[in-house]
Protein chains: 2
Amino acid sequence: MAERKNRATQQELILAVSSRLFWEKGYAETSMKDIAGVCGFRPANIYNFFTGKESILFEILYREMVDIVVPIAHLKDDESVNPVEALRLMIENHVKLTLGEKRSSKLLFDVGLNNLSPANRKKIIRLRDDYDAIGVAIVRRGKKAGIFAKDVDDKIAVFSIGSIIARSRIWYSPKGKYSVDEIIEFMFRFALRGLGGGAVFGKR
Amino acid sequence: MAERKNRATQQELILAVSSRLFWEKGYAETSMKDIAGVCGFRPANIYNFFTGKESILFEILYREMVDIVVPIAHLKDDESVNPVEALRLMIENHVKLTLGEKRSSKLLFDVGLNNLSPANRKKIIRLRDDYDAIGVAIVRRGKKAGIFAKDVDDKIAVFSIGSIIARSRIWYSPKGKYSVDEIIEFMFRFALRGLGGGAVFGKR
DNA sequence: AATTAGTTAATGAACGACCATTCACTTATA
DNA sequence: TATAAGTGAATGGTCGTTCATTAACTAATT
């Protein structure tokens, strides 16, 4: 008979397995049986650790969003950081989380929100709003400092940069031409130029 | 008793209804009952016009992809069109199709591919490849002409621009601050600058 | 113009499969 | 011995799809 594991261990196992399956196959296409199968026990046992399928999804999305926001939260109000450098840090962190380890081709994030209860959805969206606010603050400071072009819209710019990163999950392949670091470099340059701050590096 | 409609009419009705529902709720989350309900008949009747749910999805994705690619296909090899102008045409067409009329918040396109049979998926991907090839050709010509920066990667640039547009479905609201035309203008400028061609317009 | 035959849109009922979840239970561990 | 990990079986539901049948249209025939 299989040995018993403790609560925390099994919760993390379920989250790790579910995360992989959700990102790979999609939320609706992943069954509790799938998850339990990979974990090595029966579906019913999942309910000893989570109240239901949705709560698993929420926990995954929430943690991921926290990982994206928390490391850059200090950039929002810190006037001492160069906006260009702040932009780089923001992109670097986001891309690394998006393309690192996991390797998946689905946009769980954009799509999974609709599978959450309104209350849970709100919590995720609040974090997404934080992310946007950080980006907007950086762009604003950059414009004020004369580094970025004044005619770019803060919000759309941040959405655009976020979109470039989020959707790289679809086309990126670890076996491809570029490393994650090179992609970060490209996206940073593209975003910086897009913001009108391209004068930093010459045209090559 | 409800009057009978002819074949072509009902096929188009089913496609229109399904398209709206798929984009709004997602493919897996939309049932044949949902579709039939909106159409005004019973689910079984759908099978008089389509072989199954997947064939409806395919038809929708295929048509949309054709709409995106065909109007800009001529830009691929036409050396006479200014690369900057070609870029604008490409973005304009794509954004208009993405944000025009439909109004939906899901990324059916990125996600729905996995619900297709391998054969059908291949047909869609072929069109997506065409789109990429057109974009790459434009960027290459722009670099050759000295308008775009030489250090940008053609492919990633096209992916990035496409991502900005595709994902605008999520955040765009017709009731929001900007019109579709203004968003086109922003994205064009952002993309152009990102490509290193920002010198076209001064910094404001 | 009336009748008929053929076609096909539309239906109701049923199919098997799978789904998330519940619950009484067993069993291992601390 | 108390706690909690793990199970088997069952529940009610939904899903996509099939199929025999009905009813409304079209076109040819009388």
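Order of the sequence lines sets the chain letters (A, B, ...), proteins ahead of strands, with each chain counted from 1. Scope of the values below: all heavy atoms of this structure, side chains included, with no hydrogens, waters or symmetry mates.
- Mapping Tyr27(A) and Ile46(B) onto DNA chain C by nearest heavy atom places Ile46(B) at the nucleotide closer to the 5' end.
- The nucleotide whose nearest atom lies closest to any side-chain atom of Met32(A) is, among dA20(C), dG8(D), dG16(D), dA20(C).
- Between Arg42(B) and dG12(C) there is a side-chain polar atom (N or O) within less than 4.0 angstrom of OP1 or OP2.
- If you take OH of Tyr47(A) and P of dA20(C), they are 7 Å apart, rounded to a whole angstrom.
- For the pair Asn45(A) CG and dA20(C) P, the interatomic distance rounds to 16 Å; values are reported in whole Å.
- Straight-line distance from the CD atom of Gln11(B) to the P atom of dA10(C): 12 Å, rounded to whole Å.
- In this structure, CZ of Phe41(B) is placed 17 Å from C1' of dT22(D), rounded to the nearest angstrom.
- At whole-Å resolution of the value, NZ in Lys33(B) and P in dT17(D) are 16 Å apart.
- Judged purely by atom type and a 3.5 angstrom limit, Arg121(A) uses its side chain to pair as donor or acceptor with the backbone of Leu113(A).
- Ring orientation note: the planes of Tyr62(B) and Phe58(B) are tilted relative to one another, at an angle of 30° to 60°.
- Using a 4.5 Å cut-off on side-chain heavy atoms (C-beta onward), Lys122(B) and Arg126(B) make contact.
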Under the side-chain contact (heavy atoms from CB on, under 4.5 Å) criterion, do Ile14(B) and Phe41(B) qualify, and how do the steps go?
CA-CA 10 Å; Ile14(B) 292 167; Phe41(B) 43 65; 3.9 Å; yes
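- For the pair Phe49(B) CZ and dT7(C) P, the computed distance is 17 Å after rounding to whole Å.
- OP1 or OP2 of dA10(C) lies within a sub-4.0 Å distance of a side-chain N or O belonging to Gln10(B).
- You'll find a donor-acceptor pair under 3.5 Å spanning the side chain of Asn48(B) and the base of dA10(C), going by distance alone.
- Cation-pi contact between Arg128(B) and Trp171(A): absent, since separation from the ring centre below 6.0 Å together with deviation from the ring axis within 45° is not met.
- Taken residue by residue, residues 51-63 of chain A places no heavy atom nearer than 4.0 Å to DNA chain D.
- Considering only side-chain N and O atoms, Arg7(B) lies nowhere under 4.0 angstrom from the phosphate OP1 or OP2 of dT8(C).
- Within the nucleic acid shown, Thr30(A) comes within 4.0 Å of sugar-phosphate atoms alone, with no base atom in reach, counting heavy atoms only.
- At the phosphate of dC15(D), OP1 or OP2 sits under 4.0 Å from a side-chain N or O atom of Ser31(B).
- Put simply, the residue from Lys5(A), Arg7(A), Arg63(A) that forms a salt bridge (Lys or Arg N to Asp or Glu O under 4.0 Å) with Glu12(A) is Arg63(A).
- You'll find that the side chain of Lys5(A) is closest to dG6(D), out of dT17(D), dT21(C), dG6(D).
- Between the CZ atom of Phe50(B) and the C1' atom of dG16(D) there is a distance of 16 Å, given to the nearest Å.
- Using a 4.0 Å cut-off between a side-chain N of Lys or Arg and a carboxylate O of Asp or Glu, Asp154(A) and Lys143(A) qualify as a salt bridge.
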